[in-house]
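Here it is: the structure, laid out below.
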Amino acid sequence: MIQSPPGKTAVNHDRKSHIFDNLNAAQLEAVAASPGPLLILAGAGSGKTRVLTRRIAWLIDAQRVQPRAILAVTFTNKAAAEMRGRVEGLLNAPPGGMWLGTFHGLCHRLLRLHYAEANLPQAFEIIDSDDQFRLIRRVLRELELDEQRWAPREMQWLINSHKENARRPQDLPDGDHIAHTLRRVYHAYETFCRRLGLVDFAELLLRTLELFRNNQTVRETWQQRFQHVLVDEFQDTNAIQYQWLRILCDAHKNLFAVGDDDQSIYGWRGARVENILRFQKNFPDTRVIRLEQNYRSTAVILKAADAVIAHNAGRLGKKLWTDRSSGAPIRLYAAYNDFDEARFVVESIESWVARGNRRDSTAVLYRSNGQSRAFEKLLRAIKMPYRVYGGQRLFERAEIKDALAYLRLIANRDSDPAFARVVNLPARGIGPRTFEHVRERARQQQISLWRAATAMVDEYELPARASNALQRFLQLIDEMADATADLELGEVADHALTHSGLLEHFSRESSEIAEGRLENLQELVDEARNFKVSFADGDDEGAAPDALSQFLANAALDAGDTQAEEWEDCVQLMSLHAAKGLEFPLVFLTGMEDGLFPHQRSLDQPGSLEEERRLCYVGMTRAMSALYMTWAGERHMHGQTHPTRPSRFLREIPPQYIEEIRGTHISNVSIGGRGVSVRGGGFGGGRGVGVGGVHGGGAHGGAAIQRPAAHQPADGFGGLVPGRSVRHKKFGEGLVIALEGQGEHARVQVNFAAAGVKWLVCQYARLETL
DNA sequence: GACAGTCCTGTTTTT
DNA sequence: CAGGACTGTC
């Protein structure tokens, strides 16, 4: 890295021009706006991250603001890392002292510094949603509530939403039985957390907010320190996060908020788009700057997306525009079923790649993660490398959490969740009975499981065998702590893995799954080895936690990105939520069906349809040059095949932007056997919409969506359809991929489990349908 | 304590 | 259908 040389004036001049390079008028205005409340309404693809990072660089370099006076907040660790990298690039040096992170990460840091003022034990521990779920389940059991009636998941969700709105149990109405019970559960859960020194995600935020509210000294310290506060994805802030920002900026009002009301897609977890409107009320004289030039998509894509989002009421309103050319129309494919949809998508990707494009320039997007399976299956079949985003992350995997539990006990013996998790893993003769005794004692004396167990062993309260087993466990942890006291983090993890017996436990079974687990555990050791302590002594007032504690907190707060060979050129598969902030030359928006997208549950809840529409908008605006949208006439879900209807969002796209793609292989398919009920029935009762075309039977002309004909004379296929399982005398079992020709020329493409993909002439193939 | 069988439930997801 | 949670048996 280049150190900043003396003679700053000249350098600053250079850098300044660097900071202003390639900015349009609105971006420039935002970057160099005078201090005060600023609301940047940044449409999709309008260079929002660029503005944010340049603003920080401008403050530091041109305005001579001390980095330590800057606080920048993002929503994900990934976004934080990216922003840090880009700011460093602009400044040619890391901005020492600047705080940049997620709301949760920053609150965690504040609570570590002010644990006493926040009424927390010094060794307080962050629990993730899985730990929280287990804890709530335990609370329900202790309260002797029926888990059928009071579903732990539901309770967890309710408690979290109350916390997200800054409501403590005592703030809840104590009305009917249901309200009363929830209050009791919430209260008991809080008691548990307090006693055990546990802090869940929502608590990190709420506790910090309360700390600011109740403690003038702490509040003023940070208000004075952070003279400039910047927030990314402002539309995704919840009630607490907004209050928190308001307090921090109360004196100077230097809040730089960047957001897009049209891209608010996290309302279901407490985000409040209204914060954008509230902002202008709460901060009088807010300067609003709109970034409306889109640098990402073709004009057609942009106009189509704009037409969809225009159906939402109560928008702030933006006019996104581009100087790019129209580009290709949006391609719409009405698939016969979900298998055919996947076939179409995969074949389209194949030919895109065959034309010399990179695989990672294309993304397949879907509403829910389960939809990825059909695509994965086909991609695997043709050996096209792909990568699925989302799903379980490293630190959420069971075996990783087991290993982490040992580390947590080393760091803090009083961690009940960790104790409960591994006291008998691997099995060491401490069964449910013994464990219940320990738990009972802990409950009675209001002490941790560790202390209860120690006391019981000391007082010979248990049968000899159980007592010995328990003592061995306690000893094991103590020994591990002793042995690792002076080791590097990676070696601590390694030691814990070996000496806990976990490694042996998982190597005993020899399946693919077990192998994967061992790999994951190895990866945990690597993570520990590479872990960089993020805040150290002297950084701020107060002592920094040791490396192990920081690593554990990090494991909870940053679940670890889906690890995969990122260097490989892969087709990208992800949910629409996961796609936010990304862009791809070629995008497939799949499963465009009412009931799936928009999701059924959003159709039942008022208001949530608009969020689905924003999700659609987010999806469409990911595409740079080509956008395909697909839907399937029938879809396999929960073990059944359902007829479906095209998504209402498709009808909201003006037909002139759409080009319908007719099935190339399947236009002559006869649908034998059970037949396909294309019309009527299905989700939510058939009202209004003819399935023949999303635009009401093609009234607009041009863009009618034809379904594959439902009734055809004998054509030589004998009832074969894509997706059907067949058996061949020689090749064995396989799946029909495609059909072409007719009569005696009818040919069928089959993917055989053993023999691979083959074209066969139906007349001779003698396929047996299964 | 391991394993097989049953029941049940199926959004989105970060922290 | 399929995966997870849970129950019951040896």
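Lettering of chains follows the sequences in order, A, B, ..., and the numbering in each one begins at 1.
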#### Entry: Carboxylate-amine/guanidinium contact A:E396 A:K401, below 4.0 Å
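Not counted as a salt bridge, because no side-chain N and carboxylate O are separated by less than 4.0 Å.
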### Message
What is the first contacted nucleotide of DNA chain C and what is the last, in 5' to 3' order, if contact means an atom lying under 4.0 angstrom from a heavy atom of chain A?
### Response
C:dC1 to C:dC6
### Query
When the distance from CG of A:L204 to C1' of B:dT15 is rounded to whole Å, what number comes out?
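Those two atoms, CG and C1', are 8 Å apart.
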### Task
Output yes when A:R439 and A:D416 qualify as a salt bridge under the 4.0 Å nitrogen-oxygen rule, no when they do not.
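Salt bridge between A:R439 and A:D416, a charged N being under 4.0 Å from a carboxylate O: no.
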### Task
Kindly say whether, by distance alone, the side chain of A:S575 makes a donor-acceptor pair under 3.5 Å with the base of B:dT13?
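Looking at the base of B:dT13, it does not pair with any donor or acceptor on the side chain of A:S575 (distance under 3.5 Å).
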### Query
Which value, in whole Å, describes the distance between the C1' atoms of nucleotides C:dA5 and B:dT12?
23 Å
### A:K48 with A:E233: basic N within carboxylate O range, under 4.0 Å
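Answer for the salt bridge query: yes.
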### No-H, no-angle donor-acceptor pair, A:R367 side chain to B:dT12 base, under 3.5 Å
yes
### Message
Nearest to the A:R269 side chain among B:dT13, B:dG1, B:dT12, which nucleotide is it?
### Response
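Nearest to the side chain of A:R269 among the choices is B:dT13.
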### Query
If you take all heavy atoms of A:E376 and A:V388, which pair is closest and at what distance?
CD-CG2, 3.6 Å
### Task
Give the rounded distance in Å between these two atoms: CG of A:L615 and C1' of B:dT11.
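Taking atom C1' of B:dT11 as the reference, CG of A:L615 is at 10 Å.
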### Task
May I ask you to test the A:L524-A:L404 pair for a side-chain heavy-atom distance under 4.5 Å?
yes
#### Entry: A:F597 vs A:F649, ring-ring contact (aromatic ring centres under 6.0 Å, His included): CA-CA, chis, key distance, verdict
CA-CA 8 Å; A:F597 186 35; A:F649 299 147; 5.4 Å; yes
### Query
Taking NZ, NE, NH1 and NH2 as the nitrogens, is one of them in A:R648 or A:D594 under 4.0 Å from a carboxylate oxygen of the other?
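Yes, this pair counts.
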#### Entry: Side chain of A:W268 (C-beta onward), nearest among B:dT11, B:dT15, B:dT12
B:dT12
### Message
My validator wants the stems of DNA chain B: runs of 3 or more consecutive Watson-Crick or G-U pairs, both distances under 3.5 Å, written as range with range.
### Response
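Stems for DNA chain B, defined as runs of 3 or more consecutive pairs: B:1-10 with C:1-10.
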### Message
I'd like to know if the side chain of A:Q371 and the backbone of A:S368 have a donor-acceptor N/O pair within less than 3.5 Å.
### Response
yes
### Message
I need the NZ-C1' distance between A:K580 and B:dT13, as an integer number of Å.
### Response
11 Å
